[in-house]
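Shown next, in C-alpha coordinates, is the structure this report addresses.
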2 protein chains.
Amino acid sequence: MDSKIVNLKSKLEIYKAMTDGGNLSDCPVRDVIQGLSGKWSSLLMAALAEQPYRFGELRRLVPDISQRMLTQTLYDLQRDGYVHRKVFPTKPPSVEYSLTDLGRSMFGALQHLLQWAELNHDAVRDARAGFDAAQA
Amino acid sequence: MDSKIVNLKSKLEIYKAMTDGGNLSDCPVRDVIQGLSGKWSSLLMAALAEQPYRFGELRRLVPDISQRMLTQTLYDLQRDGYVHRKVFPTKPPSVEYSLTDLGRSMFGALQHLLQWAELNHDAVRDARAGFDAAQA
DNA sequence: TAGTGCTGGTCTCTTTTTGAGACTGCCAAG
DNA sequence: CTTGGCAGTCTCAAAAAGAGACCAGCACTA
(Lines give C-alpha, C1' and ligand atoms only; values in the text may rest on other atoms or scores of the structure.)
Protein backbone atom coordinates (compact mmCIF):
# COMPACT_ATOMS: atom_id res chain seq x y z
CA MET A 1 0.00 0.00 0.00
CA ASP A 2 2.94 2.31 0.52
CA SER A 3 4.37 4.05 -2.44
CA LYS A 4 8.12 3.93 -2.46
CA ILE A 5 10.08 7.11 -2.36
CA VAL A 6 13.10 6.85 -4.60
CA ASN A 7 15.94 9.34 -4.83
CA LEU A 8 14.16 12.21 -3.15
CA LYS A 9 16.27 15.04 -1.83
CA SER A 10 16.38 15.58 1.87
CA LYS A 11 13.74 17.78 3.38
CA LEU A 12 16.37 20.34 4.17
CA GLU A 13 17.41 20.57 0.56
CA ILE A 14 13.85 20.95 -0.65
CA TYR A 15 13.25 23.81 1.67
CA LYS A 16 16.49 25.43 0.62
CA ALA A 17 15.40 25.17 -3.00
CA MET A 18 12.26 27.07 -2.09
CA THR A 19 14.11 29.89 -0.45
CA ASP A 20 16.84 29.89 -3.07
CA GLY A 21 19.46 31.38 -0.85
CA GLY A 22 17.65 34.64 -0.28
CA ASN A 23 16.58 35.38 -3.82
CA LEU A 24 12.96 34.99 -2.86
CA SER A 25 11.01 36.91 -5.44
CA ASP A 26 12.79 35.11 -8.24
CA CYS A 27 13.02 31.59 -6.80
CA PRO A 28 12.21 29.20 -9.64
CA VAL A 29 10.77 26.47 -7.42
CA ARG A 30 8.33 28.83 -5.79
CA ASP A 31 7.56 30.28 -9.17
CA VAL A 32 6.54 26.87 -10.50
CA ILE A 33 4.56 25.92 -7.38
CA GLN A 34 2.77 29.25 -7.51
CA GLY A 35 1.36 28.39 -10.93
CA LEU A 36 -0.07 25.16 -9.58
CA SER A 37 -1.45 26.51 -6.34
CA GLY A 38 -4.50 28.15 -7.79
CA LYS A 39 -7.93 26.97 -6.78
CA TRP A 40 -8.72 25.24 -10.07
CA SER A 41 -5.35 24.19 -11.51
CA SER A 42 -5.12 20.72 -10.04
CA LEU A 43 -8.74 19.95 -10.80
CA LEU A 44 -8.37 20.90 -14.46
CA MET A 45 -5.09 18.98 -14.67
CA ALA A 46 -6.86 15.90 -13.32
CA ALA A 47 -9.64 16.29 -15.86
CA LEU A 48 -7.27 16.73 -18.79
CA ALA A 49 -5.09 13.85 -17.59
CA GLU A 50 -8.09 11.64 -18.17
CA GLN A 51 -8.61 12.80 -21.76
CA PRO A 52 -8.59 15.96 -23.88
CA TYR A 53 -11.65 18.14 -23.48
CA ARG A 54 -13.20 21.11 -25.23
CA PHE A 55 -13.91 24.37 -23.47
CA GLY A 56 -17.63 23.77 -23.13
CA GLU A 57 -17.09 20.19 -22.01
CA LEU A 58 -14.83 21.35 -19.18
CA ARG A 59 -17.42 23.92 -18.22
CA ARG A 60 -20.09 21.26 -17.93
CA LEU A 61 -17.70 18.88 -16.18
CA VAL A 62 -16.86 21.43 -13.52
CA PRO A 63 -20.08 23.37 -13.16
CA ASP A 64 -18.94 25.46 -10.21
CA ILE A 65 -16.11 27.17 -12.04
CA SER A 66 -16.90 30.53 -13.57
CA GLN A 67 -16.29 30.99 -17.26
CA ARG A 68 -13.81 33.72 -16.44
CA MET A 69 -11.71 31.49 -14.20
CA LEU A 70 -11.88 28.58 -16.64
CA THR A 71 -10.53 30.81 -19.41
CA GLN A 72 -7.84 32.24 -17.20
CA THR A 73 -6.72 28.99 -15.56
CA LEU A 74 -6.45 27.27 -18.94
CA TYR A 75 -4.49 30.25 -20.23
CA ASP A 76 -2.06 30.04 -17.32
CA LEU A 77 -1.64 26.29 -17.67
CA GLN A 78 -0.99 26.77 -21.38
CA ARG A 79 1.51 29.52 -20.71
CA ASP A 80 3.46 27.31 -18.32
CA GLY A 81 3.58 24.57 -20.92
CA TYR A 82 1.31 22.01 -19.28
CA VAL A 83 -1.63 22.32 -21.63
CA HIS A 84 -1.94 22.44 -25.40
CA ARG A 85 -4.71 24.48 -27.00
CA LYS A 86 -5.86 23.38 -30.44
CA VAL A 87 -8.42 25.32 -32.47
CA PHE A 88 -10.50 23.43 -35.03
CA PRO A 89 -11.69 25.69 -37.86
CA THR A 90 -15.24 24.39 -37.78
CA LYS A 91 -18.20 26.71 -37.63
CA PRO A 92 -18.45 27.77 -34.92
CA PRO A 93 -14.78 27.01 -34.19
CA SER A 94 -14.19 24.52 -31.40
CA VAL A 95 -11.16 24.44 -29.13
CA GLU A 96 -9.61 21.33 -27.65
CA TYR A 97 -7.38 21.34 -24.59
CA SER A 98 -4.98 18.50 -23.86
CA LEU A 99 -1.92 17.82 -21.72
CA THR A 100 1.54 18.29 -23.19
CA ASP A 101 4.40 15.94 -22.32
CA LEU A 102 5.48 18.41 -19.67
CA GLY A 103 1.94 18.46 -18.33
CA ARG A 104 1.79 14.68 -18.12
CA SER A 105 5.15 14.65 -16.36
CA MET A 106 3.97 17.22 -13.84
CA PHE A 107 0.73 15.40 -13.28
CA GLY A 108 2.72 12.28 -12.42
CA ALA A 109 4.07 14.21 -9.43
CA LEU A 110 0.81 15.94 -8.57
CA GLN A 111 -0.97 12.60 -8.60
CA HIS A 112 0.71 11.54 -5.37
CA LEU A 113 -0.86 14.46 -3.56
CA LEU A 114 -4.30 13.87 -5.04
CA GLN A 115 -4.05 10.22 -4.11
CA TRP A 116 -3.07 11.14 -0.57
CA ALA A 117 -6.04 13.47 -0.33
CA GLU A 118 -8.37 10.71 -1.40
CA LEU A 119 -6.96 8.24 1.11
CA ASN A 120 -6.80 10.65 4.02
CA HIS A 121 -9.64 13.08 3.67
CA ASP A 122 -11.51 11.64 6.61
CA ALA A 123 -8.48 12.17 8.86
CA VAL A 124 -8.39 15.81 7.77
CA ARG A 125 -12.14 16.15 8.25
CA ASP A 126 -11.83 14.70 11.75
CA ALA A 127 -8.95 17.01 12.64
CA ARG A 128 -10.93 19.98 11.43
CA ALA A 129 -14.06 19.00 13.34
CA GLY A 130 -12.07 18.38 16.50
CA PHE A 131 -10.30 21.71 16.19
CA ASP A 132 -13.52 23.62 15.65
CA ALA A 133 -15.13 21.86 18.60
CA ALA A 134 -12.17 22.75 20.84
CA GLN A 135 -12.36 26.39 19.77
CA ALA A 136 -16.05 26.67 20.64
CA MET B 1 16.43 8.97 -11.44
CA ASP B 2 12.79 8.07 -11.93
CA SER B 3 10.67 7.63 -8.88
CA LYS B 4 8.51 4.56 -9.10
CA ILE B 5 4.79 4.88 -8.98
CA VAL B 6 3.31 2.11 -6.92
CA ASN B 7 -0.35 1.34 -6.57
CA LEU B 8 -1.67 4.60 -7.91
CA LYS B 9 -5.25 4.72 -9.05
CA SER B 10 -5.95 5.31 -12.70
CA LYS B 11 -6.18 8.90 -13.84
CA LEU B 12 -9.86 8.42 -14.49
CA GLU B 13 -10.46 7.35 -10.93
CA ILE B 14 -8.58 10.31 -9.50
CA TYR B 15 -10.61 12.72 -11.53
CA LYS B 16 -13.79 11.00 -10.47
CA ALA B 17 -12.77 11.37 -6.85
CA MET B 18 -12.42 15.08 -7.43
CA THR B 19 -15.87 15.46 -8.92
CA ASP B 20 -17.41 13.03 -6.46
CA GLY B 21 -20.31 12.07 -8.66
CA GLY B 22 -21.85 15.52 -8.78
CA ASN B 23 -21.57 16.43 -5.12
CA LEU B 24 -19.12 19.19 -5.94
CA SER B 25 -19.37 21.63 -3.11
CA ASP B 26 -18.85 18.88 -0.56
CA CYS B 27 -16.26 16.74 -2.34
CA PRO B 28 -13.73 15.65 0.30
CA VAL B 29 -10.80 15.40 -2.09
CA ARG B 30 -11.30 18.92 -3.36
CA ASP B 31 -11.81 20.05 0.20
CA VAL B 32 -8.41 18.71 1.21
CA ILE B 33 -6.62 20.03 -1.86
CA GLN B 34 -8.19 23.43 -1.30
CA GLY B 35 -6.49 23.70 2.07
CA LEU B 36 -3.11 23.05 0.48
CA SER B 37 -3.55 25.27 -2.55
CA GLY B 38 -2.91 28.55 -0.78
CA LYS B 39 0.05 30.64 -1.76
CA TRP B 40 2.06 29.90 1.38
CA SER B 41 0.93 26.45 2.54
CA SER B 42 3.47 24.33 0.72
CA LEU B 43 6.33 26.68 1.57
CA LEU B 44 5.53 26.58 5.28
CA MET B 45 5.08 22.81 5.16
CA ALA B 46 8.52 22.51 3.59
CA ALA B 47 10.04 24.69 6.28
CA LEU B 48 8.40 22.78 9.13
CA ALA B 49 9.32 19.45 7.54
CA GLU B 50 12.93 20.45 8.06
CA GLN B 51 12.50 21.20 11.77
CA PRO B 52 10.09 22.87 14.18
CA TYR B 53 10.17 26.65 14.14
CA ARG B 54 8.84 29.47 16.23
CA PHE B 55 6.61 32.20 14.85
CA GLY B 56 9.32 34.82 14.61
CA GLU B 57 11.78 32.34 13.11
CA LEU B 58 9.33 31.52 10.34
CA ARG B 59 8.82 35.20 9.74
CA ARG B 60 12.53 35.76 9.29
CA LEU B 61 12.87 32.59 7.23
CA VAL B 62 10.21 33.72 4.78
CA PRO B 63 10.59 37.48 4.77
CA ASP B 64 8.10 38.13 2.01
CA ILE B 65 5.11 36.71 3.86
CA SER B 66 3.01 39.21 5.75
CA GLN B 67 2.47 38.64 9.44
CA ARG B 68 -1.23 38.38 8.82
CA MET B 69 -0.88 35.61 6.24
CA LEU B 70 1.66 33.77 8.37
CA THR B 71 -0.76 33.75 11.29
CA GLN B 72 -3.65 32.68 9.12
CA THR B 73 -1.85 30.00 7.11
CA LEU B 74 -0.47 28.42 10.28
CA TYR B 75 -3.96 28.53 11.77
CA ASP B 76 -5.41 26.76 8.74
CA LEU B 77 -2.67 24.13 8.70
CA GLN B 78 -3.25 23.54 12.38
CA ARG B 79 -6.98 23.29 11.88
CA ASP B 80 -6.54 20.65 9.18
CA GLY B 81 -4.31 18.65 11.50
CA TYR B 82 -0.98 19.07 9.72
CA VAL B 83 0.69 21.35 12.23
CA HIS B 84 0.97 21.30 16.00
CA ARG B 85 1.11 24.56 17.94
CA LYS B 86 2.83 24.47 21.29
CA VAL B 87 2.92 27.46 23.63
CA PHE B 88 5.80 27.74 26.10
CA PRO B 89 4.78 29.73 29.19
CA THR B 90 7.90 31.84 29.21
CA LYS B 91 7.76 35.61 29.42
CA PRO B 92 6.97 36.68 26.86
CA PRO B 93 5.43 33.36 25.79
CA SER B 94 7.00 31.69 22.78
CA VAL B 95 5.15 29.44 20.35
CA GLU B 96 6.61 26.51 18.49
CA TYR B 97 5.10 25.07 15.34
CA SER B 98 5.87 21.52 14.23
CA LEU B 99 4.45 18.91 11.88
CA THR B 100 2.06 16.29 13.21
CA ASP B 101 2.15 12.68 12.00
CA LEU B 102 -0.61 13.58 9.56
CA GLY B 103 1.42 16.55 8.41
CA ARG B 104 4.51 14.43 7.83
CA SER B 105 2.41 11.91 5.92
CA MET B 106 0.96 14.64 3.74
CA PHE B 107 4.35 16.19 3.14
CA GLY B 108 5.55 12.82 1.88
CA ALA B 109 3.07 13.20 -0.96
CA LEU B 110 3.63 16.91 -1.49
CA GLN B 111 7.35 16.33 -1.69
CA HIS B 112 7.04 14.68 -5.10
CA LEU B 113 5.57 17.84 -6.53
CA LEU B 114 8.20 20.08 -4.94
CA GLN B 115 10.90 17.78 -6.24
CA TRP B 116 9.39 17.91 -9.72
CA ALA B 117 9.32 21.70 -9.57
CA GLU B 118 12.98 21.79 -8.68
CA LEU B 119 13.98 19.43 -11.48
CA ASN B 120 11.82 21.03 -14.15
CA HIS B 121 11.63 24.71 -13.43
CA ASP B 122 13.75 25.61 -16.39
CA ALA B 123 11.41 23.75 -18.72
CA VAL B 124 8.51 25.76 -17.30
CA ARG B 125 10.48 28.98 -17.57
CA ASP B 126 11.26 28.21 -21.20
CA ALA B 127 7.65 27.39 -21.99
CA ARG B 128 6.54 30.63 -20.40
CA ALA B 129 9.13 32.71 -22.24
CA GLY B 130 8.24 31.05 -25.55
CA PHE B 131 4.55 31.62 -25.00
CA ASP B 132 5.01 35.26 -24.10
CA ALA B 133 7.23 35.80 -27.14
CA ALA B 134 4.61 34.20 -29.39
CA GLN B 135 1.90 36.42 -27.96
CA ALA B 136 3.87 39.61 -28.65
C1' DT C 1 -37.97 34.85 -41.69
C1' DA C 2 -37.73 35.26 -36.91
C1' DG C 3 -36.50 32.88 -32.90
C1' DT C 4 -33.46 29.61 -30.40
C1' DG C 5 -29.30 27.47 -29.27
C1' DC C 6 -24.49 26.23 -29.54
C1' DT C 7 -19.50 27.70 -30.18
C1' DG C 8 -15.65 30.10 -27.04
C1' DG C 9 -14.96 33.48 -25.09
C1' DT C 10 -14.83 39.07 -23.11
C1' DC C 11 -16.68 42.90 -20.11
C1' DT C 12 -18.39 44.85 -16.00
C1' DC C 13 -19.71 44.78 -11.27
C1' DT C 14 -19.51 42.97 -6.61
C1' DT C 15 -17.54 40.23 -3.10
C1' DT C 16 -13.66 37.88 -1.13
C1' DT C 17 -8.83 37.39 -0.33
C1' DT C 18 -4.39 39.24 0.24
C1' DG C 19 -0.81 42.62 1.30
C1' DA C 20 1.36 46.61 3.97
C1' DG C 21 2.02 48.32 7.95
C1' DA C 22 0.64 50.53 12.40
C1' DC C 23 -0.50 49.06 16.99
C1' DT C 24 -0.91 46.03 21.43
C1' DG C 25 0.86 44.22 26.20
C1' DC C 26 4.46 42.27 28.56
C1' DC C 27 9.10 41.93 30.18
C1' DA C 28 14.33 42.23 30.06
C1' DA C 29 18.57 44.62 28.97
C1' DG C 30 21.15 48.85 28.48
C1' DC D 1 13.52 55.30 30.72
C1' DT D 2 14.04 54.02 26.22
C1' DT D 3 14.67 50.28 23.27
C1' DG D 4 13.95 45.81 21.58
C1' DG D 5 12.05 41.03 21.13
C1' DC D 6 7.87 38.08 21.68
C1' DA D 7 3.37 36.72 19.08
C1' DG D 8 0.18 38.31 17.39
C1' DT D 9 -4.36 41.76 16.06
C1' DC D 10 -6.44 45.72 13.55
C1' DT D 11 -7.30 48.72 9.77
C1' DC D 12 -7.15 50.13 5.21
C1' DA D 13 -5.85 49.60 0.32
C1' DA D 14 -4.96 46.56 -3.57
C1' DA D 15 -5.51 42.42 -5.99
C1' DA D 16 -8.00 38.30 -7.18
C1' DA D 17 -12.17 35.69 -7.77
C1' DG D 18 -17.21 35.01 -8.57
C1' DA D 19 -21.76 36.22 -11.00
C1' DG D 20 -23.74 37.12 -14.84
C1' DA D 21 -24.68 40.08 -19.09
C1' DC D 22 -23.05 40.40 -23.63
C1' DC D 23 -20.62 39.35 -28.35
C1' DA D 24 -20.35 37.34 -33.41
C1' DG D 25 -21.28 33.62 -36.38
C1' DC D 26 -23.74 29.73 -37.91
C1' DA D 27 -27.39 25.74 -37.79
C1' DC D 28 -31.80 24.25 -36.87
C1' DT D 29 -36.65 25.06 -36.22
C1' DA D 30 -41.19 26.98 -36.51
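Quick note on labels: first sequence line is chain A, next is B, and so on, each numbered from 1. Heavy-atom basis, side chains included; hydrogens, waters and symmetry copies ignored.
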May I ask you to verify if any side-chain N or O of [X] is less than 4.0 angstrom from the OP1 or OP2 atom of [N]?
X: A/Gln72; N: D/dA17; result: yes
X: B/Arg60; N: D/dA7; result: no
X: A/Trp40; N: D/dG18; result: yes
X: B/Lys39; N: C/dT17; result: no

*Please determine, for the side chain of B/Arg85, which listed nucleotide (C/dT10, C/dG19, D/dG8) has the closest atom?*
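Minimum distance to the B/Arg85 side chain belongs to D/dG8.
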
Atom pair distance, as rounded to whole Å: [atom1] in [X] and [atom2] in [N]:
X: A/Glu96; N: C/dT7; atom1: CD; atom2: C1'; value: 15 Å
X: A/Asp64; N: D/dA17; atom1: CG; atom2: P; value: 15 Å
X: A/Gln67; N: D/dG20; atom1: CD; atom2: C1'; value: 9 Å

*Compare all side-chain heavy atoms of B/Met69 with those of B/Val62 and state whether any distance is below 4.5 angstrom.*
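The answer is no; the side chains never approach within 4.5 Å.
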
*Start at the 5' end of DNA chain D and walk down; is the nucleotide closest to B/Phe55 or to A/Gly38 reached first?*
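The residue closer to the strand's 5' end, by nearest nucleotide, is B/Phe55.
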
*Ion pair A/Arg104/A/Asp101, N-O distance below 4.0 Å*: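 Looking at A/Arg104 and A/Asp101, the cut-off is met.
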
*Taking the inter-plane angle between the rings of B/Phe131 and A/Tyr75 on a 0 to 90° scale, is it parallel (under 30°), tilted (30 to 60°) or perpendicular (over 60°)?*
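Rings of B/Phe131 and A/Tyr75: perpendicular, as their planes differ by over 60°.
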
*Does the B/Ser41 side chain pair with the main chain of B/Ser37, one donor and one acceptor, at a distance under 3.5 Å?*
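The answer is no, because no donor-acceptor pair under 3.5 Å joins these two groups.
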
*Quick one: label B/Tyr97 by what it contacts on the DNA or RNA (base, sugar-phosphate, nothing), any heavy atom closer than 4.0 Å.*
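Sugar-phosphate: the residue B/Tyr97, judged by heavy atoms under 4.0 Å, touches backbone atoms but no base.
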
*Could you pick out which residue, A/Ser94 or A/Arg68, lies toward the 5' side of DNA chain C when each is mapped onto its nearest nucleotide?*
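Looking at the nearest nucleotide for each, A/Ser94 comes out on the 5' side.
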
*Got a donor-acceptor pair under 3.5 Å from the side chain of B/Arg54 to the base of D/dA7?*
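There is none.
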
